[in-house]
There are 2 protein chains.
Amino acid sequence: MRAAGEKKVTTSAGRNELPTRAPRKRAGRGAARPDDADEVGLDALVGHAGYAVRRFQIWIFQDFVRTLASVDIRPTQYSVMTVIGANPGLSQMAVAKRLGIERARLVHLLDSLEGRKLVRRIKSKTDRRSHALHLTAQGGLSLAKFKQLAAEHERHVEEKIGKGNRERLLQILAGFT
Amino acid sequence: MRAAGEKKVTTSAGRNELPTRAPRKRAGRGAARPDDADEVGLDALVGHAGYAVRRFQIWIFQDFVRTLASVDIRPTQYSVMTVIGANPGLSQMAVAKRLGIERARLVHLLDSLEGRKLVRRIKSKTDRRSHALHLTAQGGLSLAKFKQLAAEHERHVEEKIGKGNRERLLQILAGFT
DNA sequence: AGCAATTGTTGTCGTCAACAACAATCTTTG
DNA sequence: CAAAGATTGTTGTTGACGACAACAATTGCT
């Protein structure tokens, strides 16, 4: 519901400023006073995996949100629906554990999705504490659309870091999924 | 939880009924329904770079916080001090731009660091709007210690994904730093 | 001088991880 | 079987964080 920005972000959104890194001289210590951020040396920060990953994560997140803005689905919502769609009848606990999110957080997520008639909580008969999660008919249809857009987002990632690098990345991080 | 032989991704577009596992601990559920998160298929989620990166980012973040817990320094604080240490005299705007954080947010960050006598805001004489940021003597000493711990954290990353993979990762994501 | 832009600051809003506490409901065990 | 313990969904709080909006002081531009 934001969309107020209406920035000139095209749907392709790739190749904006990747190779900016001008091989300029390192910011000289002492007298030099780099005012432009482009000239600021990072020193020890480069070489930290966490920093690079954080920046990349932010970029990916924003592109995902932007690409799926028309359907108003955020990454976490998408992951929840995907898991439920692939494993109907899961309990909230199971979904939370699988996605590594707090079950407390999943409550709000599902409230929202259920309010939009995408997901249903059905009381389990075998365990009256838990809910069996299912996609609604509309939810299934919608998820198909979401997946299309998510695939488009994935193409943006390819454009940004290269197809081979993306696959390599997935391979390296396969242990965390 | 590595989900080793996980190849239950039946590419046939239809439903992929999970391979019937013998019901383990809990009383039989009647229908084949995975209760344990370990058995839950992710389907389309695997293959999404954003998901893998997010999980990895969370892991890295937590390890960083844990490794630097003794000095009570969080990733963002570390990045701010590193940049200031490498480029003394920077303005808040320059630091914020370089690290990709909001200048509004940097205010609180610096309030905290200045309160701990690690950095100083010195009024610029050339531009009385801005502050020149410097590490205090204690801040410089502390940063050296922080860097040691950060290097230890980085070793944890190596242990987790492998030395070569870590370097490849940094290489792939170099454009985002 | 006048007006737009920048800088630091304050504040709000929404997302997210991490806990804590609780009622309802299993499961275990004495 | 009944009490004790554990689990599930829920509500609430805390704190870090990104995104904005508005503002005063200051600078730059014309």
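Values in this document were obtained by computation on a predicted structure and should not be read as measured data. Proteins come first, then strands; the chains are lettered A, B, ... in the order of their sequence lines, and each starts at number 1.
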Looking only at side-chain atoms of [X], point me to the closest of [options].
| X | options | value |
| --- | --- | --- |
| Gln62(B) | dT27(D), dC26(C), dA18(C) | dA18(C) |
| Phe61(B) | dT8(D), dT7(C), dC17(D) | dC17(D) |
| Ser130(B) | dT25(C), dT7(C), dA18(C) | dT7(C) |
| Asp111(B) | dT10(C), dT11(D), dC17(D) | dT10(C) |

Rounded distance in Å - [atom1] ([X]) to [atom2] ([N]):
| X | N | atom1 | atom2 | value |
| --- | --- | --- | --- | --- |
| His108(B) | dA16(D) | NE2 | P | 11 Å |
| Arg105(A) | dA20(C) | CZ | C1' | 18 Å |
| Leu106(B) | dA16(D) | CG | P | 15 Å |
| Leu133(B) | dT7(C) | CG | P | 13 Å |
| Arg121(A) | dT8(D) | CZ | C1' | 12 Å |
| Lys97(A) | dT8(D) | NZ | P | 6 Å |
| Glu102(B) | dG8(C) | CD | C1' | 13 Å |
| Arg74(A) | dG18(D) | CZ | P | 13 Å |

(request) Starting from the 5' end of DNA chain C, give me the residue, Pro75(A) or Arg128(A), whose nearest nucleotide shows up first. (result)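 Whichever sits nearer the 5' end wins; that is Pro75(A).
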(request) State yes or no: do Phe64(A) and Leu149(A) share one hydrophobic cluster built from I, L, V, M, F, W and Y residues joined by side-chain heavy-atom distances below 4.5 Å, directly or via other members? (result)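 The answer is yes; both residues are in one hydrophobic cluster.
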(request) Starting at CZ of Arg54(B), measure out to CG of Leu173(A) and round the result to the nearest 0.5 Å. (result)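 If I round to the nearest 0.5 Å, the distance is 13.5 Å.
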(request) Calculate, to the nearest 0.5 Å, the distance between atoms CD and CD1 belonging to Gln62(B) and Ile60(B) respectively. (result)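 So the gap between those two atoms works out to 11.5 Å.
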(request) Would you mind listing every side chain to side chain donor-acceptor pair (under 3.5 Å) that reaches into residues 68-78 of chain B, with sequence neighbours excluded? (result)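 Those involving residues 68-78 of chain B are His48(A)-Tyr78(B).
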[X] side chain N/O closer than 4.0 Å to the phosphate oxygens (OP1, OP2) of [N]?
| X | N | answer |
| --- | --- | --- |
| Arg54(B) | dA17(C) | yes |
| Arg129(B) | dT6(C) | no |
| Gln92(B) | dT9(C) | yes |
| Arg103(B) | dT7(C) | no |
| Thr76(B) | dC17(D) | yes |

(request) Using the closest heavy atom to pick a nucleotide of DNA chain D for each, name whichever of Ile101(B) or Lys125(B) lands nearer the 5' end. (result)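 Looking at DNA chain D, the more 5' nearest nucleotide goes with Ile101(B).
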(request) Kindly check if the number of other-residue, nucleotide or ligand heavy atoms within 6.0 Å of CZ (Arg120(B)) is above 12? (result)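 Count not over threshold, so no.
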